[in-house]
Amino acid sequence: MHPIICKLGPFSIYSYGLMLAIAFLLSVSLAKVQAKKEQIDPEVIFNLSFFSFLCGIIGARIFYIVENIGYYLGEPLEIFMLQHGGLSWFGGLIGGFIFWTAYLKKKRLPLYKTLDLIAPFLALAQAIGRIGCLLNGCCFGKPYLLIPAQLLSSLALLVIFIILRLLQERPHRGGEVFFTYLLLYSLKRLSIEFYRADNPPVIYGLNLFQLLSLLALFLGLVKLILIKRKKY
């Protein structure tokens with residue numbers, strides 16, 4: 001584990017925060033290039049991504065704190081120590097999506113087309129973010145595993161990114177790329193959670209995030225079926 005990359009005088013550069021910054025900058029840069037190809041204003045995509053990222057971080061942090069409320073009641077100052085890790089994808093998805101829909105409505109941009117544009121790069125950002133988890137030592141796997149759960153997750157997300165980019169470059173219907181992302185991510189999360197040791201089971205041997213993954217998996221599958229059946 002390397003939670004601190006280096007120190008510059010009184011300032012510390014944390015690996016988790018650094019990976020989040022790299023993930024955002026690289027993914028948004030690639031999304032802007034794709035936006036130009038699809039004749040969407042790249043600056044709109046940047047603004048959308050930036051504020052969705054901030055709202056997503058807030059939502060992810062709130063969800064994580066609620067999930068671990070017992071610890072944070074005893075250590076309230078840790079609520080603000082984001083550099084120590086502690087973000088939940090499901091909370092981030094909710095927080096980011098709330099801003100996303102409001103912003104798109106204001107700009108009068110098509111929801112599904114914009115979601116399809118950003119979905120592959122969201123997977124890429126998550127893959128890079130998981131490297132931050134590995135360096136920080138959070139989201140760890142069970143003791144008997146030789147390969148860290150964070151690395152498994154990162155590799156799986158890179159595969160998802162490649163699949164989504166291939167789908168994105170082919171003719172597709174509105175929403176198809178995004179809901180494929182939701183389906184694949186949910187499958188990934190459902191599987192990886194069996195190898196993680198930081199989330200206790202809730203029911204039938206499944207933890208909270210596996211139950212949420214099943215819900216997201218069902219939603220993604222149903223939406224993809226409806227999209228495929230829709231006549232134009």
Side-chain angles (χ1 to χ4, degrees), residues 16-64 82 87-132 154 157-186 188-189 216 219-220 222-224 226-228 230 232:
Y16 189 76
L18 179 62
M19 288 299 106
L20 285 181
I22 292 173
F24 173 78
L25 292 173
L26 178 60
S27 299
V28 171
S29 296
L30 293 174
K32 288 175 67 177
V33 173
Q34 184 64 26
K36 196 171 182 179
K37 288 182 182 179
E38 298 186 17
Q39 298 181 335
I40 296 177
D41 186 356
E43 290 307 311
V44 170
I45 294 301
F46 176 82
N47 292 334
L48 177 62
S49 300
F50 178 75
F51 289 107
S52 294
F53 176 76
L54 292 181
C55 292
I57 291 291
I58 294 171
R61 186 61 171 171
I62 291 173
F63 196 101
Y64 185 85
L82 191 60
L87 298 176
S88 167
W89 175 82
F90 287 100
L93 181 66
I94 294 170
F97 193 76
I98 289 173
F99 175 82
W100 191 285
T101 51
Y103 186 85
L104 291 181
K105 186 176 181 181
K106 180 181 179 181
K107 292 292 183 179
R108 297 182 180 178
L109 290 173
L111 176 62
Y112 282 174
K113 183 177 181 179
T114 314
L115 286 173
D116 285 349
L117 189 156
I118 207 71
F121 308 108
L122 178 58
L124 176 61
Q126 288 177 282
I128 298 171
R130 281 302 182 194
I131 300 300
S154 181
L157 284 162
L158 281 175
V159 173
I160 293 174
F161 165 68
I162 293 170
I163 293 172
L164 295 178
R165 281 292 291 129
L166 291 173
L167 179 58
Q168 190 177 57
E169 291 299 319
R170 296 174 57 189
H172 58 271
R173 297 185 174 189
E176 191 173 350
V177 178
F178 175 76
F179 286 108
T180 300
Y181 158 76
L182 189 63
L183 177 68
L184 292 177
Y185 179 85
S186 301
K188 188 277 305 180
R189 187 66 185 266
L219 174 62
V222 169
K223 289 296 293 185
L224 281 173
L226 292 176
I227 289 169
K228 290 289 187 181
K230 188 175 181 180
Y232 288 87

Quick check: do [X] and [Y] have side-chain heavy atoms less than 4.5 Å from each other?
{"X": "Leu20", "Y": "Tyr16", "answer": "yes"}
{"X": "Leu124", "Y": "Leu157", "answer": "no"}
{"X": "Trp100", "Y": "Thr114", "answer": "yes"}
{"X": "Ser49", "Y": "Ile118", "answer": "yes"}
{"X": "Asn47", "Y": "Tyr103", "answer": "yes"}

Which heavy atom of [X] sits nearest a heavy atom of [Y], and at what distance?
{"X": "Ile227", "Y": "Glu176", "value": "CD1-N, 3.9 Å"}
{"X": "Ala119", "Y": "Leu164", "value": "O-CD1, 3.8 Å"}
{"X": "Gly175", "Y": "Tyr112", "value": "N-CB, 3.3 Å"}
{"X": "Ala23", "Y": "Ala125", "value": "CB-O, 3.4 Å"}
{"X": "Ala35", "Y": "Leu117", "value": "CA-CD1, 3.6 Å"}

Would you compute the distance between atom [atom1] of [X] and atom [atom2] of [Y] and round it to the nearest 0.5 angstrom?
{"X": "Leu25", "Y": "Phe50", "atom1": "CG", "atom2": "CZ", "value": "10.0 Å"}
{"X": "Leu87", "Y": "Ile57", "atom1": "CG", "atom2": "CD1", "value": "5.0 Å"}
{"X": "Leu182", "Y": "Ile160", "atom1": "CG", "atom2": "CD1", "value": "10.5 Å"}
{"X": "Phe179", "Y": "Leu184", "atom1": "CZ", "atom2": "CG", "value": "13.5 Å"}
{"X": "Ile22", "Y": "Met19", "atom1": "CD1", "atom2": "CE", "value": "3.5 Å"}
{"X": "Ser88", "Y": "Arg61", "atom1": "OG", "atom2": "CZ", "value": "11.5 Å"}

Between Ser27 and Phe121, is there a donor-acceptor pair closer than 3.5 Å when you use the side chain of the first and the backbone of the second?
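Yes, the answer is positive, given that a donor and an acceptor are paired below the 3.5 Å cut-off.
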Does the plane of the ring in Phe99 sit parallel, tilted or perpendicular to the ring in Phe51? Use 30° and 60° as the thresholds.
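If you compare the ring of Phe99 with that of Phe51, the planes turn out tilted.
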Check the orientation of Phe178 and Phe97. Use parallel for under 30°, tilted for 30 to 60°, and perpendicular for over 60°.
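Taking Phe97 first and then Phe178, their aromatic rings lie parallel (interplane angle under 30°).
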Which residues share a salt bridge (Lys or Arg N to Asp or Glu O under 4.0 Å) with Lys32, sequence neighbours left out:
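Salt bridge (Lys or Arg N to Asp or Glu O under 4.0 Å) check on Lys32 returns Glu43.
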side-chain contact (heavy atoms from CB on, under 4.5 Å), paired with Asp116, selected from Glu38, Gln168, His172
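Of the listed options, the one satisfying the test is His172.
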